[in-house]
Amino acid sequence: MKLASKETCTGCNACAYICPKKCISFKNDETYDIAYPVIDETQCINCGKCQKVCPALNPLEGVTPLNAYAAWSFDSEERSTSASGGIATEIYKYALKNGWSIVGAAFCEDFKVHLELSNDWGAIKKFKNSKYVFSSMADVFYEIYQKLTFGGKVVVIALPCQIAAIRKIFHKNLDNLLLVDLVCHGIMPYVYLKQYISYMEKSFHKKVKKLTFRDPKGGTQNYFLSLYDQEGNCFYSSNKLKDSYQFAFHRMVAYRENCYHCYYANNKRISDITLGDYKGLGLCAPCIFSKEKVSCILVNTEKGKKYINELAENKSIVAENRPIEEPIKGDSQLRHPSLKSFSRRLWEKKYNGDFVKSTQYVFRISKYRKDLLWICHLPKRIFRKILRILHIKK
Ligand SMILES: Cc1cc2nc3c(=O)[nH]c(=O)nc-3n(C[C@H](O)[C@H](O)[C@H](O)COP(=O)(O)OP(=O)(O)OC[C@H]3O[C@@H](n4cnc5c(N)ncnc54)[C@H](O)[C@@H]3O)c2cc1C
C-alpha cells in the first residue's frame with residue numbers, strides 16, 4: 001500500500017484512524033524530524049481504506065465563497081484575547097448554547113497541541129488564540145465519531161488540511177457538522193518548538209510554565225511570543241521576526257514540507273466558513289472602521305451563511321459585508337501556498353537536527369543579505385527620489 005508522499009502528507013492521521021488492522025503508525029523522518037505514516041506490511045491486508053480516506057491522495061474540491069465579511073465580537077474582552085476579531089469564540093459560544101459539541105486546538109503536556117472535543121464552556125479559553133505549532137488529530141476522530149453516532153452535532157474549527165480529513169472520514173454525516181477552517185500559511189513540527197523551549201530555558205535559567213504565540217498583553221495583532229515562569233512572570237517576549245522561532249514561522253522557513261504544496265491554500269474553500277485575520281481591508285471598497293483586530297469571514301455554504309447570520313442577528317458579532325475579492329487580494333494564502341524563499345532553501349541545506357542553531361544561522365545570513373540588498377539598491381532609490389523632487393518642482 002502506498003501512502004501520500006512527503007510533499008503532500010499533512011500528518012492528519014486519517015489513514016491510521018481508518019485502518020481496520022491498526023497497522024499504521026507515525027514516525028519522524030531523519031531529514032527534518034517530520035512525522036509521516038508508516039505501514040506495518042506484515043499486518044496490512046491491502047484493503048485500500050487508508051488511500052481512499054487520505055485528503056492528500058484524493059483532495060477535496062472547494063467552492064467559491066458566497067460572501068465575505070469584516071467581523072469582530074461585540075465582547076471586547078473576548079476580542080482582545082483572541083488572535084483577531086474573536087469570531088471563533090462566538091462560534092463556539094453559540095454552539096454550546098444550542099447543545100452542540102465543540103472541537104478546537106489546545107495545549108496539552110509539554111506544549112504539545114492537539115485537537116480535542118468538548119461540551120464545556122471552559123474549553124473555549126483553551127481553544128482561543130493561535131498556537132503556531134503542529135496540532136495532532138490522533139484522538140479527535142474517535143471523539144467526533146462517538147458524538148455523531150449518538151445523534152450529537154459538532155462544530156470544528158481547525159486548519160484546512162484537518163477540516164479536509166474530517167470531511168473525508170465523516171462524509172456521510174456532514175449535516176451534523178459545522179466545519180470552519182482557518183486561512184493558514186503553514187505549520188511547524190512540534191520537535192522544533194520543544195528544542196526552542198529547552199534552549200530558552202537553558203539561556204534564562206527558568207522553566208517555561210506558559211507560552212503564548214500572540215500575547216494579548218502586547219496586543220495579539222503585534223505577534224508577541226511570550227514565555228512565563230512558574231510565578232507567572234513574563235521572562236521573555238519578542239515580537240514578529242525578532243527571535244529564531246518567530247523568524248522560522250513568520251518567514252515560512254521551517255514548515256512541514258506539505259505546507260509549501262498545500263492543496264487547500266486558495267480561494268476555493270472546503271469548509272462551511274473560513275476565518276482569517278482580515279488582510280487587505282479597504283483595498284476594494286472604502287472602510288470606515290478601525291482595521292485593527294478584525295477577522296475575515298468567508299461564508300462558503302448555505303449552512304455557514306445561516307450560522308453567521310444568526311450570530312449577527314443575536315448581536316454576538318458585527319459583520320460588515322465586503323467585496324469577496326478583497327480578502328483574496330489581501331492575503332496570499334487565499335491564492336497560493338507559502339513559497340520556498342531563499343531562507344527556506346538555505347535552512348533545508350543547513351538543518352542537521354538542531355532547530356535553534358540552523359535557524360539562528362539562516363536568520364543571520366538573511367539579515368546580512370537584506371542589508372546588502374538595501375545598500376545595493378540605495379543608488380537606485382536616491383536617483384528615483386531626485387527624479388521625484390525634480391518632477392514636483394516642474
Ligand atoms: C497555524 C496558523 C496559521 C495561520 N495563518 C494565517 C494566515 O496566513 N492568514 C490569516 O489571515 N490567518 C491565519 N491564521 C488564522 C488567524 O490567526 C486566526 O486564527 C483567525 O483570524 C481567527 O481569529 P479569531 O480571533 O476568530 O479566533 P482565535 O481565538 O484566534 O481562535 C481560532 C481557532 O484557531 C484554532 N487553532 C489555533 N491554533 C491551532 C493549531 N495549531 N491547529 C489547529 N487549530 C488551531 C483554535 O482551536 C481556535 O478555534 C492562522 C492560524 C493558525 C493557527
Side-chain angles (χ1 to χ4, degrees), residues 10-12 68-73 75 77-93 95 102-108 111-118 123-137 140 155-163 165-166 178-190 193 211-216 220-221 223 240 248-252 254-256 259 262 264-265 271 273-281 292-298 308 311 316-317 319 326-328 330-338:
T10 65
C12 72
Y69 298 98
W72 57 90
S73 164
D75 186 327
E77 172 63 18
E78 301 290 17
R79 190 179 176 192
S80 71
T81 48
S82 298
S84 55
I87 302 300
T89 292
E90 296 303 338
I91 290 177
Y92 285 143
K93 281 187 188 167
I102 57 174
V103 170
F107 281 115
C108 48
F111 300 103
K112 279 188 191 132
V113 174
H114 68 169
L115 290 193
E116 65 179 47
L117 181 143
S118 181
I124 297 179
K125 199 172 166 200
K126 290 197 288 178
F127 295 168
K128 195 190 274 189
N129 211 344
S130 300
K131 289 100 190 164
Y132 289 144
V133 66
F134 177 81
S135 50
S136 162
M137 297 184 85
V140 81
V155 168
V156 185
I157 307 183
L159 305 180
C161 51
Q162 298 175 322
I163 294 295
I166 289 172
L178 182 85
L179 300 177
V180 182
D181 71 335
L182 302 170
V183 180
C184 174
H185 51 2
I187 204 74
M188 302 205 318
Y190 167 70
L193 180 63
L211 156 71
T212 160
F213 293 97
R214 292 176 74 161
D215 195 342
T220 56
Q221 70 278 17
Y223 297 87
K240 218 175 174 179
F249 185 76
H250 294 291
R251 276 280 184 263
M252 305 162 193
Y255 295 162
R256 276 183 72 97
C259 300
C262 180
Y264 302 107
S271 60
I273 297 166
T274 299
L275 296 181
D277 302 333
Y278 206 125
K279 293 175 190 157
L281 188 52
E292 219 155 69
K293 294 201 60 76
V294 175
S295 289
C296 165
I297 302 179
L298 297 177
I308 293 300
L311 286 183
S316 303
I317 63 166
E326 188 173 74
I328 297 165
D331 197 331
S332 61
Q333 307 314 133
L334 289 170
R335 300 193 303 274
H336 57 75
S338 290

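Counting starts at 1 for both ligands and their atoms, following the listed order.
- Taking any N or O of A83, backbone or side chain, at least one lies under 3.5 Å from an N or O belonging to ligand 1.
- Within the 4.0 Å heavy-atom shell around ligand 1 one does not find Y278.
- Distance from atom 36 (N) of ligand 1 to its nearest protein heavy atom, with residue and atom name: A105 CB, 3.8 Å.
- The distance criterion of under 3.5 Å between nitrogen or oxygen atoms is not met by Q333 with respect to ligand 1.
- Backbone and side-chain nitrogen or oxygen atoms of A88 are examined, and one is located within less than 3.5 angstrom of a nitrogen or oxygen of ligand 1.
- Interface atoms of ligand 1 facing N129, defined by a heavy-atom separation under 4.0 Å, are 28 (P), 29 (O), 30 (O), 31 (O), 37 (C).
- Counting only heavy atoms of the protein, atom 46 (C) of ligand 1 lies nearest to F127 O, 3.0 Å.
- Contact annotation: A106 has no heavy atom less than 4.0 Å from any atom of ligand 1.
- Listed by number with element, the atoms of ligand 1 under 4.0 Å from a non-hydrogen atom of Y92 are 47 (O), 48 (C), 49 (O).
- The shortest N/O to N/O separation between K128 and ligand 1 does not fall below 3.5 Å.
- Interface atoms of ligand 1 facing S82, defined by a heavy-atom separation under 4.0 Å, are 25 (O), 29 (O).
- Atom numbering of ligand 1 starts at 1 in the shown order; those under 4.0 Å from a heavy atom of G104 are 47 (O).
- Taking every non-hydrogen atom of S295 and a distance limit under 4.0 Å, the qualifying atoms of ligand 1 come out as 26 (O).
- The ligand atoms of ligand 1 that sit less than 4.0 angstrom from a heavy atom of V133 are 41 (N).
- Every residue two or more places apart in sequence or in another chain that forms a side-chain contact (heavy atoms from CB on, under 4.5 Å) with K293 is listed here: R79, T220, Q221.
- Residue G86 has at least one heavy-atom neighbour below 4.0 Å for each of these atoms of ligand 1: 24 (P), 25 (O), 26 (O).
- Contacts between Y132 and ligand 1 below 4.0 angstrom, taking non-hydrogen atoms only, involve the side chain exclusively.
- Under the 3.5 Å distance criterion, the side-chain polar atoms of E90 are left unmatched by any main-chain donor or acceptor of I87.
- Between atom 43 (C) of ligand 1 and the options K293, H114, K125, Q162, the minimum heavy-atom separation is to Q162.
- For ligand 1, the polar-atom distance check finds an N/O of I87 within less than 3.5 Å of one of the ligand's N/O atoms.
- With hydrogens and angles disregarded, no donor-acceptor distance shorter than 3.5 Å links the side chain of K128 to the backbone of T89.
- The nearest protein atom to atom 38 (N) of ligand 1, hydrogens excluded, is given as K131 N, 3.0 Å; this is a heavy-atom distance.
- Using modelled atom types and a 3.5 Å distance limit, the side chains of T274 and D181 yield a donor-acceptor pair.
- For ligand 1, the atoms sitting less than 4.0 Å from at least one non-hydrogen atom of G276 are 11 (O), 12 (N), 20 (C), 21 (O), numbered in the order shown with element in parentheses.
- Scanning all protein heavy atoms for the shortest distance to atom 14 (N) of ligand 1 gives V183 O, 3.0 Å.
- Side-chain atoms of R256 never come within 3.5 Å of backbone atoms of P189 as a donor-acceptor pair (strictly under, hydrogens ignored).
- Here the closest non-hydrogen pair linking C259 and P337 is O-CB, 3.5 Å.
- In this structure, F107 and F213 have parallel ring planes: the angle between them is below the 30° cut-off, well short of the 60° mark.
- Residue contacts with ligand 1: S130 is placed with a nitrogen or oxygen under 3.5 Å of a nitrogen or oxygen of the ligand (distance criterion only).
- When hydrogens are left out, the protein atom nearest atom 33 (C) of ligand 1 is I157 CG2, 3.9 Å; that is the closest non-hydrogen contact.
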